[in-house]
Amino acid sequence: MEPSKAPEIFLKPYDPAMQEPRVLALWEKGGYGNPDVCVEKGVTKTDAPSYSIVLPPPNVTGTLHMGHAAMLAIQDILIRYHRMKGLRTLWLPGTDHAAIATQSVVEKELQKKEKKTRHDLGREEFLKRVEDFAQMSHDTIVGQIKAMGASVDWSREAYTLDETRSRAVQEAFKRMYDAGLIYRGNRIVNWDPKGQTTVSDDEVTYEETTGVLYTFRYSKDFPVAIATTRPETKVGDTAVAVHPNDKRYKEFIGQKFDVEFAGAKLALKIIADTAVDPEFGTGAVGVTPAHSFTDWEIAQRHELPLVQVIDEHARMTEAAGELVAGKKASEARERIVSWLKENDLLDKEEQTPMNIAKADRSGGTIEPLPKLQWWVAVDKEVQFPNGKTMTLKEWMKDVVSSGQIKIVPERFEKIYYNWIDNLRPWCISRQIWYGHRIPVWYHEPKCIPIPGRESDIEKCIPIIVSAERPECKFCAAQYHQDLDTLDTWFSSGLWTFSTLGWPEKTRDLEMYHPTDVLETGYDILFFWVARMILMTGFLLADIPFRNVYLHGLVRDEKGRKMSKSLGNIIDPLVMIQKYGADAARLSLIIGASPGNDVKLSEPRVAGYKNFANKIWNITRFVLENFDVNALSAKLNKNDEVLLEEAKNIAREVTKNIEEFRLDLAANSIYHFVWDRFAAEIIEESKPIFKADDGSPSSPSGQAAASRRYTLYSILYASLKLLHPFMPFVTEAIWRELPQKEAELLMVARWPQYNSRNV
RNA sequence: GCACCCUUAGCUCAGUUGGUUAGAGCGUUCGAUUCACAUUCGAAAGGCCGAAGGUUCGAAUCCUUCAGGGUGCACCA
């Protein structure tokens, strides 16, 4: 029996740069990313249960980074595994318009290259620029997703701002508006003076600094001293609050004072409120309803008037009084402090730790301002489509605490609850141009009666929610659309079902929703995951996904965030070019336990390239010593034990994938292949093949045949087990195998470790 | 202020419900190699598992306290 020669390709080391494009072409030709094709071609049974993941859509703000690469690797492992298991598997790709993020990238470019602002171009022209940029960025991203080997279904690709998704956004807005969940209201917003827009609470980050706490009296005869770190806002005070049990101030509660303070006339009422901490400062708070969230709430409780003294450009308004009106807030502060000194009203200046609120995107210092904006009510009781009445907050808690949605790692559930407990109404309107225009039309400033039909005006509806411009039968005024756009997370919140065709009742929606896993970085648990649960709950009375798997952040070797300014960015494409996509993937998987950050360095990626070559050479050895006749060989006891060992590995890998321990799964197959299969089993085989006398009936010939079969079986099973982790090299090898069950490894069956066959 | 996470070999990290001499990768040192693998193989050095108590027949693992590092949220007059 003459052993077959291994294909020539194995005589050279594994070359990912050469093999990967060929493998990509094979996959593209196969079309198995689309589950319908899998069913058509018979690799998936018609009645197979479904398994679905929607890709968290990358922002069209440029190129993908290592975090995206990690996300793609993890999801592709889950997808390939389930596809091989025989499930009807859908991985739906897409990109996110990322409103504020994309707009600001384009604005910066515009400023840098042409010294223009968006207002110089006008809304239409500017939007065209943004769209061009978004398209370019989209194409780059698609190329990168492919290069990573992600087996997504491109036929279902979606964009958060395309037509279908726009319809979903308008429908969602309308339903929530009709239910009273979305309302327009004058509340304190996080105003970003730099970006000239509102931002949500979650888009605000806090920086610790040291500030000065000033203790002073409004005037000589004012009975109470107060403390503040923002003296410039004090010209907008309308009350002084003390704790109801504070004996020092009890006698003053309810009294009113008119004072002249730094050029402003203040009418101050002394009130009692439990929000006041008697231990802090003097135990008395100057209440500024227009420029502080807590003060605004106090003002609501006590029906206090509101005086806005700072405007959208962080300048003092006319209402701030003659001393500081028109000045920058920072200047106003100095002015007022010196005024206090001049008038001998300042008791104390002391250093105090404080947090400065910054807008996440623009870095502007947040100025709390009262503004008329659109909000999602999270504490309002509403009827859900399933008939139940509850608040959005209650829903969000229930679906997690009841176990309908599982968060992995579990500790994030606590963080999630904590976030919900502190959740305030969600401000969804933004004063930027790129995004979903708010589908609301107004008769503003007012309705205009039609001559001769003046009484009709009572029937007129001055605010209408609609995708198209409505016509008014009762009034002569035109409807004007709201100028604002929606928070990008509003459309992202619909992602699991807008991608499947909602609000149409599509087959996809029925088959793939709820999705099985939402896999993303823990940094957007609140931004996105919580919002998806909220939106899906109200609109579908359903959950968007059964599992949330949170991966850690990819950092540099010193544990720092990768950033342009630090110059420590590792570009996934460069890594793929140098070491292959398989190596890049493995470096992001092994050693990355759920929810924990990964420290990545180039040598780490390089190390896994060796592994791909190892598999390559194992194959060479096995095929050089293989013979199809060996497939019918009678197995020796020894060899049966080896096959049993391989089954145990298959069992271990499977269990770990099921438990989201991809790091452990990858690790165990890695070690089995290298340390057991290559280093020991193959080494032991060499003498067996040497001793082979070529006669199938002799003991030596029989032993060799048994071993040939065994090596082939172990290789065969190893390729399958490795495939989700290293799809390229395994698929390239599969192509060369003389005996196999399927044209492509990506649709071969996952090893059945319960049966006799590996 | 309220939570959470991390601390194990020089570096990066595993060690999943407590169970024999604590593991891997990279790095270091020594050796082998006409042999599937210029990307290979073997071996060695290197750890009072952050500290102190406790529970237990038995603790890296469970409990308490503390220290250092990090994160989230709140407060921020």
Side-chain angles (χ1 to χ4, degrees), chain A residues 6 10-14 201-202 205-206 208-209 211 213-216 225-231 233-234 237 240-242 275-278 280-288 292-295 298 352-357 409-423 522-523 525-526 552-553 555 557-559 579 583 586-587 590-604 606-625 655-656 659-661 663-664 667-668 670-671 674-675 678-680 682-683 685-686 690 711:
Chain A
F10 291 109
L11 298 181
K12 283 183 182 165
Y14 176 62
D201 294 342
D202 300 293
T205 53
Y206 295 93
E208 271 185 34
T209 49
L213 185 67
Y214 301 93
T215 305
F216 71 97
I226 63 158
T228 185
T229 52
R230 300 200 57 193
T233 64
K234 297 290 102 184
D237 284 10
V240 170
V242 298
V276 179
D277 175 7
F280 191 93
T282 62
V285 186
V287 182
T288 324
S292 149
F293 285 92
T294 36
D295 290 8
I298 292 174
T352 182
M354 60 179 286
N355 289 333
I356 298 184
E410 215 177 86
R411 63 187 154 90
F412 284 99
E413 289 189 3
K414 270 189 196 168
I415 300 176
Y416 172 81
Y417 292 135
N418 181 251
W419 177 80
I420 295 174
D421 287 338
N422 290 303
L423 189 60
Y522 62 76
D523 53 333
L525 177 63
F526 308 138
L553 274 31
R555 297 172 177 277
E557 71 252 83
K558 291 184 186 132
Y579 310 109
L586 223 48
S587 72
I590 295 184
S593 50
N596 292 326
D597 295 351
V598 197
K599 286 178 193 151
L600 187 73
S601 60
E602 191 163 335
R604 193 173 151 141
Y608 290 112
K609 190 192 174 187
N610 299 351
F611 182 54
N613 192 54
K614 191 77 191 173
I615 307 166
W616 193 251
N617 278 296
I618 288 171
T619 308
R620 176 178 168 188
F621 180 85
V622 172
L623 293 188
E624 275 176 353
N625 292 287
K655 177 174 162 275
N656 280 322
E659 290 170 358
F660 293 108
R661 290 307 305 263
D663 55 326
L664 300 183
N667 204 40
S668 53
Y670 176 91
H671 281 112
W674 199 315
D675 299 335
E680 292 170 11
I682 285 185
E683 287 306 321
S685 305
K686 288 175 183 172
K690 265 205 184 113
L711 291 188

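Since the structure is predicted, the reported quantities are computational estimates derived from the model, not experimental observations. Proteins get letters first, then strands, A, B, ... in listed order; numbering begins at 1 in each.
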Base, sugar-phosphate, or nothing for [X], non-hydrogen atoms under 4.0 angstrom?
X      : result
A/T294 : sugar-phosphate
A/N422 : sugar-phosphate
A/L213 : sugar-phosphate
A/T282 : nothing
A/V622 : nothing
A/A678 : base
A/T352 : nothing
A/I415 : sugar-phosphate
A/D277 : base
A/Y608 : nothing

Between [X] and [N], is there a side-chain N or O to OP1/OP2 distance below 4.0 Å?
X      : N     : answer
A/T229 : B/C76 : no
A/K414 : B/C4  : yes
A/K614 : B/C41 : yes
A/N613 : B/A38 : no
A/K599 : B/C11 : no
A/W674 : B/U40 : no

Output the single nucleotide from [options] whose closest atom is nearest the side chain of [X].
X      : options             : value
A/R661 : B/G15, B/A36, B/G42 : B/G15
A/N418 : B/U39, B/C73, B/A14 : B/C73
A/R620 : B/A24, B/C37, B/G72 : B/C37
A/R411 : B/U40, B/A36, B/C4  : B/C4
A/H671 : B/A24, B/A3, B/G72  : B/A24
A/Y670 : B/C37, B/G72, B/G25 : B/G25

If I take atom [atom1] in residue [X] and atom [atom2] in nucleotide [N], what distance separates them, rounded to the nearest angstrom?
X      : N     : atom1 : atom2 : answer
A/E659 : B/U17 : CD    : C1'   : 11 Å
A/N610 : B/A24 : CG    : C1'   : 15 Å
A/R555 : B/C11 : CZ    : C1'   : 18 Å
A/L525 : B/G72 : CG    : P     : 12 Å
A/E208 : B/G1  : CD    : C1'   : 12 Å
A/I590 : B/G23 : CD1   : C1'   : 14 Å
A/F621 : B/A36 : CZ    : P     : 6 Å
A/D295 : B/C76 : CG    : C1'   : 11 Å

*Hey, which sits more toward the 5' end of RNA chain B by its nearest nucleotide, A/K234 or A/P13?*
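The 5'-side residue here is A/P13.
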*asked:* Taking the nucleotide of RNA chain B with the nearest heavy atom to each, does A/A592 or A/M354 sit closer to the 5' end?
replied: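 Looking at the nearest nucleotide for each, A/A592 comes out on the 5' side.
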Spacing of the [atom1] atoms in [M] and [N] (rounded, Å):
N     : M     : atom1 : result
B/U33 : B/C49 : P     : 41 Å
B/A9  : B/A24 : C1'   : 11 Å
B/C37 : B/C30 : P     : 26 Å
B/A43 : B/C48 : C1'   : 27 Å
B/C6  : B/C13 : C1'   : 12 Å
B/G23 : B/G47 : C1'   : 11 Å
B/A60 : B/C66 : P     : 23 Å
B/U71 : B/U28 : P     : 32 Å

Does [X] reach the side chain of [Y], with side-chain heavy atoms less than 4.5 Å apart?
X      : Y      : answer
A/F611 : A/W674 : yes
A/D663 : A/R661 : yes
A/F526 : A/I415 : yes
A/D237 : A/V287 : no

Answer yes or no: is there a donor N or O on one side and an acceptor on the other, between the side chain of [X] and the main chain of [Y], under 3.5 Å?
X      : Y      : answer
A/S292 : A/D295 : yes
A/T352 : A/L213 : no
A/D597 : A/L553 : yes
A/N422 : A/N418 : yes

Who does [N] pair with, Watson-Crick or G-U, both distances under 3.5 Å?
N     : result
B/G42 : B/C30
B/C62 : B/G54
B/G72 : B/C2
B/A67 : B/U7
B/C37 : none
B/G23 : B/C13

*Within a reach of under 6.0 Å around CD of A/E208, are more than 12 heavy atoms found that belong to other residues, nucleotides or ligands?*
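Counting other residues, nucleotides and ligands, CD of A/E208 stays at 12 neighbours or fewer.
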